[in-house]
Amino acid sequence: MKTVYTCFCTDIIHEGHLNIIYEAQKLGKVIVGVLADEASIRYNRFPSVSLEERISLVKAIPGVDHVIVQNEIMYDKIFEQLHPDYIIHGDNWSLPSMQAIHKNILGLIKKYGGELIEIPYTYNKNIQELDRQMTEKLAMPEFRRGRLSKLLKMVPIVKTIEVHSGLTGLIAEKTVVVDGEAIDQFDAMWISSLCDSTEKGKPDIELVDMTSRFRTIEDIIEVTTKPIIFDGDTGGLTEHFVYTVRSLERMGVSAVIIEDKTGLKKNSLFGTEVQQTQASIEDFSEKIRAGKRAQLSNDFMIIARIESLILECGMEDALDRARAFVAAGADGIMIHSRKKEPDEILEFCDRFRLEDKDTPVVVVPSSFNTITEEELAEHGVNICIYANQLLRAAFPAMENAAKSILKHHRAKEIDSELMPIKQIITLIDEL
């Protein structure tokens, strides 16, 4: 009997999947692969049910002879293991990620033999409604909030990009890059105090109040599904911080990062050029403990940001603080530096990992931007935050457009550098 293989990356079974199985049955023994979580998140969307549940869904389909786990997006290992006579797939190859998969399958058929059977993709209102409901489910607070802690167990490093509006949230949500057979996208979003303040034309001194910052979160949450890490500055007074924790939890934010400073907060980019005061280990530890006591869910994370290297207080002070903050209940440690080279960050990570193998470590490689995510992961870093690049990219582009219009007294000269508005609004989903 001929072997027929297809792979499903879905949390629900609808008539489109059943149609593929029906056509596959006509050709031979039907083997269905269920795409593993780690592969799913690279090009599709975060699974809302476990791998085991997805396997059970597929096993329950009449006509399925065998179910396996496909651990990688590309089909190389499937061909090596199964040598399928037929690969059956929907004809939805329009996206760059799907084109890469299509090319991979055709190359493997040329090498191993076999045939690709393309089934017309099923488009109807029922399937569109199911897809919409799945996206809405992923955006719900109870599903979004715990996604960061799950990602930390699934990927070598959580790639996080700064967002400061609904539109930048959509860019973070929908940007997928294909490099050969590698497909990648961002895992999470960072809502930065610096970028939120700058977007509003205000200095980054905790001047923008939490009510305003929560509105930014709401704008982003409304149109995205990825987990959010919130820049909580110093956390403010301990008595206020506990309310911030409750509010962030309720909104579906996955984590808050607070820095161990006190008094009028100044941006870390200034280092020792302006007067900045670190909170005492005891006071900041108590703030962490108060936040942990206040939270209601187990999956919300409070991450302690250590400013010792920024303020030139030394490596030992940074490590002492890390130990104390973890003991106080911090769910992660962010270590920051404004040096152009990553050496002191890597030293901290290496020494911290000798003592603590499990607590997540967060870094922000803005100044030491030559280091790669892979190199950071090798030193025990779990979350890499690109903290301000979207804002920094937007400002010179907008300024250039404004100057061109003033210079030429019309918009024609700048038009070739602008994205068509029609292309921008295609990012925005309609209900």
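On a predicted model such as this, the values are computed, not experimentally measured, just so you know.
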A.B. asks: Please list, one pair per line, the donor and acceptor atoms closer than 3.5 Å that link side chains of residues 239-252 to other protein atoms, with sequence neighbours excluded.
C.D. replies:
residue : atom : partner : partner atom : Å
Thr244  : OG1  : His240  : O            : 3.4
Arg246  : NE   : Ala294  : O            : 2.4
Arg246  : NH2  : Ala294  : O            : 3.2
Ser247  : OG   : Tyr243  : O            : 3.1
Ser247  : OG   : Arg250  : NH2          : 3.4
Glu249  : OE1  : Leu296  : N            : 2.8
Glu249  : OE2  : Leu296  : N            : 3.0
Glu249  : OE2  : Ser297  : N            : 2.7
Glu249  : OE2  : Ser297  : OG           : 2.5

A.B. asks: State whether a side-chain donor-acceptor pair under 3.5 Å links Glu173 with Thr225.
C.D. replies: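 There is such a pair between these side chains.
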A.B. asks: Decide whether Arg144 and Thr224 meet the rule of one side-chain donor and one side-chain acceptor closer than 3.5 Å.
C.D. replies: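 Yes, side-chain donor-acceptor contact under 3.5 Å.
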A.B. asks: Using a strict threshold of under 4.0 Å (side-chain N to carboxylate O), is an ion pair present between Arg132 and Glu129?
C.D. replies: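 Between Arg132 and Glu129 there is a salt bridge, with a charged N closer than 4.0 Å to a carboxylate O.
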A.B. asks: Please enumerate all residues that pass side chain to side chain donor-acceptor pair (under 3.5 Å) together with Asp196, with sequence neighbours excluded.
C.D. replies: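 Listed in chain order: Lys200, Arg213, Thr216.
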A.B. asks: Who are the ring-ring contact (aromatic ring centres under 6.0 Å, His included) partners of Phe300, not counting sequence neighbours?
C.D. replies: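 Testing Phe300 for ring-ring contact (aromatic ring centres under 6.0 Å, His included), a comparison that skips the adjacent residues, returns none.
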A.B. asks: With sequence neighbours excluded, what pairs up with Gln99 under the side chain to side chain donor-acceptor pair (under 3.5 Å) test?
C.D. replies: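 Gln99 satisfies side chain to side chain donor-acceptor pair (under 3.5 Å) with no residue once adjacent residues are dropped.
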A.B. asks: Partners of Asp350 by side chain to side chain donor-acceptor pair (under 3.5 Å), sequence neighbours excluded?
C.D. replies: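 Applying side chain to side chain donor-acceptor pair (under 3.5 Å) to Asp350 gives His379.
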A.B. asks: Once ring-ring contact (aromatic ring centres under 6.0 Å, His included) is applied, do any residues pair with Phe348, and if so which ones, sequence neighbours excluded?
C.D. replies: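 Phe348 satisfies ring-ring contact (aromatic ring centres under 6.0 Å, His included) with Phe352 once adjacent residues are dropped.
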A.B. asks: The criterion is side chain to side chain contact (heavy atoms under 4.5 Å, CB included); which residues satisfy it with His66, sequence neighbours excluded?
C.D. replies: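 Side chain to side chain contact (heavy atoms under 4.5 Å, CB included) check on His66 returns Ile31, Ile68.
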A.B. asks: Judged by modelled atom types alone, do Gln70 and Tyr5 share a side-chain donor-acceptor pair under 3.5 Å?
C.D. replies: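 Yes, Tyr5 and Gln70 have a side-chain donor paired with an acceptor closer than 3.5 Å.
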A.B. asks: What residues form a salt bridge (charged side-chain N to carboxylate O under 4.0 Å, His left out) with Arg323, not counting sequence neighbours?
C.D. replies: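 Arg323: salt bridge (charged side-chain N to carboxylate O under 4.0 Å, His left out) contacts with Asp320, Glu355.
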A.B. asks: Answer yes or no: is there an ion pair linking Lys77 with Glu80, defined by an N-O contact shorter than 4.0 Å?
C.D. replies: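 Not counted as a salt bridge, because no side-chain N and carboxylate O are separated by less than 4.0 Å.
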A.B. asks: Hydrogens and angles aside, do Asn388 and Glu162 bring a side-chain donor and acceptor to less than 3.5 Å of each other?
C.D. replies: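 Judged by distance alone, the side chains do not pair up.
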A.B. asks: Flag the pair Asp187 and Lys226 as a salt bridge only when some basic side-chain nitrogen lies within less than 4.0 angstrom of an acidic carboxylate oxygen.
C.D. replies: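 A salt bridge is absent here (no side-chain N lies under 4.0 Å from a carboxylate O).
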A.B. asks: Do Ser280 and Asp283 have side-chain N/O donor and acceptor atoms under 3.5 Å apart?
C.D. replies: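 The criterion, which ignores hydrogens and geometry beyond distance, is satisfied for Asp283 and Ser280.
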A.B. asks: Between the side chains of Thr372 and Glu375, is a donor N or O closer than 3.5 angstrom to an acceptor N or O?
C.D. replies: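 There is such a pair between these side chains.
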A.B. asks: Can Arg351 and Glu347 be counted as an ion pair, charged N to O under 4.0 angstrom?
C.D. replies: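 Salt bridge present between Arg351 and Glu347.
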A.B. asks: My understanding is that only residues two or more places apart in sequence, or in another chain, count here; which of them pass side chain to side chain donor-acceptor pair (under 3.5 Å) with Glu417?
C.D. replies: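 Residues passing side chain to side chain donor-acceptor pair (under 3.5 Å) with Glu417: Asn400.
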A.B. asks: Which residues pass the salt bridge (charged side-chain N to carboxylate O under 4.0 Å, His left out) test with Glu344, not counting sequence neighbours?
C.D. replies: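 For Glu344, the residues satisfying salt bridge (charged side-chain N to carboxylate O under 4.0 Å, His left out) (neighbours in sequence not counted) are Lys339.
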A.B. asks: Is it the case that over 12 heavy atoms from other parts of the model lie below 6.0 angstrom from the CE atom of Met315?
C.D. replies: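 Counting other residues, nucleotides and ligands, CE of Met315 exceeds 12 neighbours.
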A.B. asks: How about Lys159 and Ile385: do any of their side-chain heavy atoms sit closer than 4.5 Å?
C.D. replies: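 No. Closest side-chain heavy atoms not under 4.5 Å.
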A.B. asks: Go through the structure and list residues passing salt bridge (charged side-chain N to carboxylate O under 4.0 Å, His left out) with Lys202, not counting sequence neighbours.
C.D. replies: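 Checked Lys202 against salt bridge (charged side-chain N to carboxylate O under 4.0 Å, His left out); zero matches.
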A.B. asks: For the residue pair Glu53 / Ser56, report whether a side-chain donor-acceptor contact shorter than 3.5 Å exists.
C.D. replies: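 Distance-only check fails for Ser56 and Glu53.
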A.B. asks: Listing request: all ring pair (Phe, Tyr, Trp, His ring centres under 6.0 Å) pairs with a residue in residues 167-199, at least two apart in sequence or in separate chains.
C.D. replies: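 Residue pairs with at least one partner in residues 167-199: there are none.
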